[in-house]
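Okay, so here's the structure we're looking at.
Quick note: numbers below take in every heavy atom, side chains included, and nothing from hydrogens, waters or symmetry partners.
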Amino acid sequence: MTDPQQVLADRVRDALGAAFGDDYADSDPVIRPSQFADYQSNAALPLAKKLKKRPRDVADEIVARLDLAGIADAPEVSGPGFINLTLSDGWIADQATAVGDDPRLGVPAASDPETVVIEYSSPNIAKEMHVGHLRTTIVGDALARIFEFAGHNVIRDNHVGDWGTPYGMLIEHLIDVGEDSPDARLLRTDPNTFYAAARRKFDSDPGFADRARGRIVKLQAGTDPETRRLWEELVGLSKAYLRDIYGLLRVTLTDDDIRGESFYNHMLADVASELTDKGIAVVSDGALCAFPPGFPGRDGNPLPVIIRKSDGGWNYSSTDLATVKYRVDKMNPGRVLYVVGSEQALHFKMIFATAKLAGWLADGSRFEHAQIGMVQGKDGGRLKTREGDTPKLSALLSESVERARAILDEVEGLDAEAKDAIAEDVGIGALKYADLSTARDSTYTFDFDRMITFKGDTGPYLQYATARIRSIFRRAGIDETTVTGPIVVTEKAERDLALKLLSFGAAISGVIETSEPHRLCGYVFELASLFTTFYEHCPVLKADDETRRSRLALCAATLRVVTGALGLLGVPIPERMLAPVPVPSDSPVSNDSNWPTLPAGCTVVVSAVR
RNA sequence: GCGCCAGUAGCUCAGUCGGAUAGAGCAGCUGCCUUCUAAGCAGCGGGCCGCGGGUUCGAAUCCUGCCUGGCGCGCCA
């Protein structure tokens, strides 16, 4: 156990028990980071009322029983009853040494490992992905990696949309234009244009719309081999596209993780009859519906979960219900995370409520909607597509890499090939970190300039920090993987850095509790910032032998934690980066001019995030 | 109309079941490259935490009313 907050909490809890009896031995020691010490305990203030004593007296009694031998200096009571806790330099140094030498970097493996199903990415594969899919893909992938590292059995689940009305449109349109027509070839070169044409017809031609809906019913019924053949053709193309995008993004999803809506088709009839038999589903306006209590609609009447449409077709509620049942029956999950857009919050609440009525949700299993916030335009409004000018995700990725490459042009000392490789890591890393570092459920303003800047709290800053550490070892001719402690702390910068190394595990468990990867981003940015401060103030290679050894060990431990954290976030890490040559301030050339940008007024659709 | 979420520095955002003087990054201003990578570091300026009530030793945080914005509300996902 290296997390200072935990270690101190245990000690203070012991003191509480010793001072006030067993009733208080498990009360919250309220350890928090402090601006006046390393940590502080705020336990005395709320306890004072219960004990009918003055807060300062309570604090004094806690301090009197508080055994911090070997861990911290003498605690001090200050203010109305805060207990300031300052860790000893020796303890910090020893613990930091242990973190650096530990293959798990001080992160304990879960004591209660469980199966965690993580549904993420889940694009509608009738069309190409867009920026809205980027967030759920990247956040979900980071969660999958982090849960796995924490010792859980992660099942990645890419719940792609391959079974809904859009496929009816595509198949019908494909039949209209002819499989060997030039239009059909668009499916390989420019699928969005093909989709847009089908969509236009669907919206403007009621006859076509009816045929498309009829086509999807035919597909779902499974009675028409020709429909099935065309569908498989289309899905095959989509899967190839997904492989390319996931590869570019360095996302861990594979074909094996795809369990799209079609996967549950064979269960839908049984789900419908089971819900009917249990009296949960009834026919209303021709559709089979469940009405879980607590969800009034516009008119005050209960809102339906439509299980089967009046035309006999199935929809997303049908498949989502079947999916719940399938996961419970086949996977026995302790937890299921739906990394899906927040606009579907009501839908999932109603699905979970219906599943609960059906008795499918075991008491222990937690089904959670890990909401992903909307993507907005700079004007604050919801982004709508204007026909044709939706920037493709692939274009977004290449622009990010191009921007990184443009900055690397300013760098001396690397050949073009090396720059190309680094630009890919930097461009993709910048994009991913930008999506990961803000709270996943906050509304997000799409702004390329901010997303692909390389200053401050960004992916490239963190990558750069690792490159600088590696550079030290390269200069010294030392293999950093062989460096071990002991670490000794003398300077403040060393102490601050070593102390931060100890809470990697706390950052991880914070992500596990909340399914919010941005907490890990915050931690690793703080760690990297403390490293650069140390780097500026504490020479490593020129220090005397003993200090040099300690500082090399501190560098190695930091490198392991930062690269470990970035790995868990899915941010790629180049081995080397060099700084751009500074441009004199009187030069007419600016470092950030002449970059390619999206066409002005370009808008994107995010309505179908799933 | 009802429901959910949000409103924190000029901009983009953090803020760990209520805790001391509200934090970062960007942008602005000052310094720092014959010394391990300046995509960096050190520093400065910048806030009635949407508004009004309430709860209490203590509120950005909890409750309540209002204002503003986003999203959702029967056969799309």
Which side chain to side chain donor-acceptor pair (under 3.5 Å) pairs, counting each pair once, include a residue from residues 422-432 of chain A, with sequence neighbours left out? A:R250-A:D425

OP1 or OP2 of B:C41 less than 4.0 angstrom from a side-chain nitrogen or oxygen of A:T532, does that happen here? yes

Selection residues 504-529 of chain A - residue pairs positive for ring-ring contact (aromatic ring centres under 6.0 Å, His included), sequence neighbours left out: A:Y461-A:F525, A:F504-A:Y523

List for me each residue that meets salt bridge (Lys or Arg N to Asp or Glu O under 4.0 Å) alongside A:R551, sequence neighbours excluded, and say none if there are none. A:E494

Starting at CZ of A:R32 and ending at C1' of B:U61, how long is that distance when rounded to a whole Å? 12 Å

Assigned chi class of B:C33 under the 90° convention is syn

Who are the ring pair (Phe, Tyr, Trp, His ring centres under 6.0 Å) partners of A:W163, not counting sequence neighbours? A:W231

In whole Å, I'd like the distance from the CE atom of A:M350 to the P atom of B:G3. 16 Å

Could you tell me whether A:F36 contacts a base, only the sugar-phosphate backbone, or nothing, with contacts defined as non-hydrogen atoms closer than 4.0 Å? base

Counting only pairs under 3.5 Å, give me each side-chain donor-acceptor contact of residues 287-307 of chain A, with atom names and distances, residues two or more places apart or in other chains.
unit_1 : atom_1 : unit_2 : atom_2 : d
A:D299 : OD1    : A:N301 : N      : 3.0
A:D299 : OD2    : A:N301 : ND2    : 3.3

Classify the nucleic acid contact of A:Q40 as base, sugar-phosphate or nothing, counting any heavy atom under 4.0 Å across all strands shown. base

How is A:A506 classified with respect to the nucleic acid when contacts are heavy atoms under 4.0 Å: base, sugar-phosphate, or nothing? nothing

What residue pairs, at least two apart or across chains, pass salt bridge (Lys or Arg N to Asp or Glu O under 4.0 Å) with a residue in residues 459-468 of chain A? A:R468-A:E536

Would you classify A:R475 as touching base, sugar-phosphate or nothing, given that sugar-phosphate means primed atoms plus P, OP1 and OP2, and contacts are heavy atoms under 4.0 Å? sugar-phosphate

How is A:T458 classified with respect to the nucleic acid when contacts are heavy atoms under 4.0 Å: base, sugar-phosphate, or nothing? nothing

Mind checking A:G164 for me? I need base, sugar-phosphate or nothing, with any heavy atom below 4.0 Å counting as a touch. sugar-phosphate

Is a donor-acceptor contact shorter than 3.5 angstrom present between the side chain of A:E536 and the base of B:A42? no

Residues in ring pair (Phe, Tyr, Trp, His ring centres under 6.0 Å) contact with A:F534, at least two apart in sequence or another chain: A:F531

Atom CD1 of A:I372 and atom P of B:C4 are separated, to the nearest Å, by 21 Å

Protein N or O to nucleotides 54-59 of chain B N or O, pairs below 3.5 Å:
unit_1 : atom_1 : unit_2 : atom_2 : d
B:U56  : O3'    : A:K49  : NZ     : 3.3
B:C57  : OP1    : A:K49  : NZ     : 2.6

For A:F82 and B:G19, do the ring centres fall under 5.5 Å apart while the planes stay under 30° apart? no

Just call it for A:S78: base, sugar-phosphate, or nothing, with non-hydrogen atoms closer than 4.0 Å on any strand. base

Send over the distance from A:Y444 OH to B:G7 C1', rounded to a whole Å. 20 Å

Ignoring hydrogens and angles, are the base of B:A20 and the side chain of A:N84 linked by a donor-acceptor pair under 3.5 Å? yes

Need one value for A:Y464: base, sugar-phosphate or nothing, where a base atom within 4.0 Å counts as base even if backbone is also close, heavy atoms only. base

Indicate, with a heavy-atom threshold strictly under 4.0 Å, whether A:F525 touches base, sugar-phosphate, or nothing. sugar-phosphate

How many whole angstroms separate atom NZ of A:K455 from atom P of B:A27? 5 Å

Mind checking what makes ring pair (Phe, Tyr, Trp, His ring centres under 6.0 Å) contact with A:F263, not counting sequence neighbours? A:Y326

Please determine whether a side-chain nitrogen or oxygen atom of A:S442 lies at a distance below 4.0 Å from atom OP1 or OP2 of B:A14. yes

Only Watson-Crick and G-U wobble pairs with both distances less than 3.5 Å should count. Give RNA chain B in dot-bracket notation, marking inter-strand partners with |. (((((((..((((.....[...)))).(((((.......))))).....(((((..]....))))))))))))....

A:T533 side chain vs A:S529 backbone, donor-acceptor pair below 3.5 Å: yes

Whole Å only: how far is the CG atom of A:D457 from the P atom of B:G15? 13 Å

Between B:A38 and A:R468, is there an OP1 or OP2 to side-chain N/O distance shorter than 4.0 Å? yes

Toward the 5' end of RNA chain B, by each residue's nearest nucleotide, A:C289 or A:R576: A:R576

Can you measure A:D311 atom CG to B:C76 atom P for me and round it to whole angstrom units? 7 Å

For A:P55, answer base if it contacts any base atom (sugar-phosphate contacts may also be present), sugar-phosphate if it contacts only those atoms, and nothing otherwise; contact means non-hydrogen atoms under 4.0 Å. nothing

Taken in chain and number order and not counting sequence neighbours, the residues that satisfy salt bridge (Lys or Arg N to Asp or Glu O under 4.0 Å) with A:K218 are none

Answer with base, sugar-phosphate or nothing: what part of the nucleic acid does A:L408 contact at a heavy-atom distance below 4.0 Å? base

Which atoms of nucleotides 9-12 of chain B (N or O only) lie under 3.5 Å from a protein N or O atom, and what are those distances?
unit_1 : atom_1 : unit_2 : atom_2 : d
B:U12  : O2'    : A:R450 : NE     : 3.3
B:U12  : O2'    : A:R450 : NH1    : 3.1

Using atom NZ of A:K127 as one end and atom C1' of B:C76 as the other, report the distance to the nearest whole Å. 10 Å

Can any side-chain N or O of A:S41 pair as donor or acceptor with the backbone N or O of A:P29 at less than 3.5 Å? yes

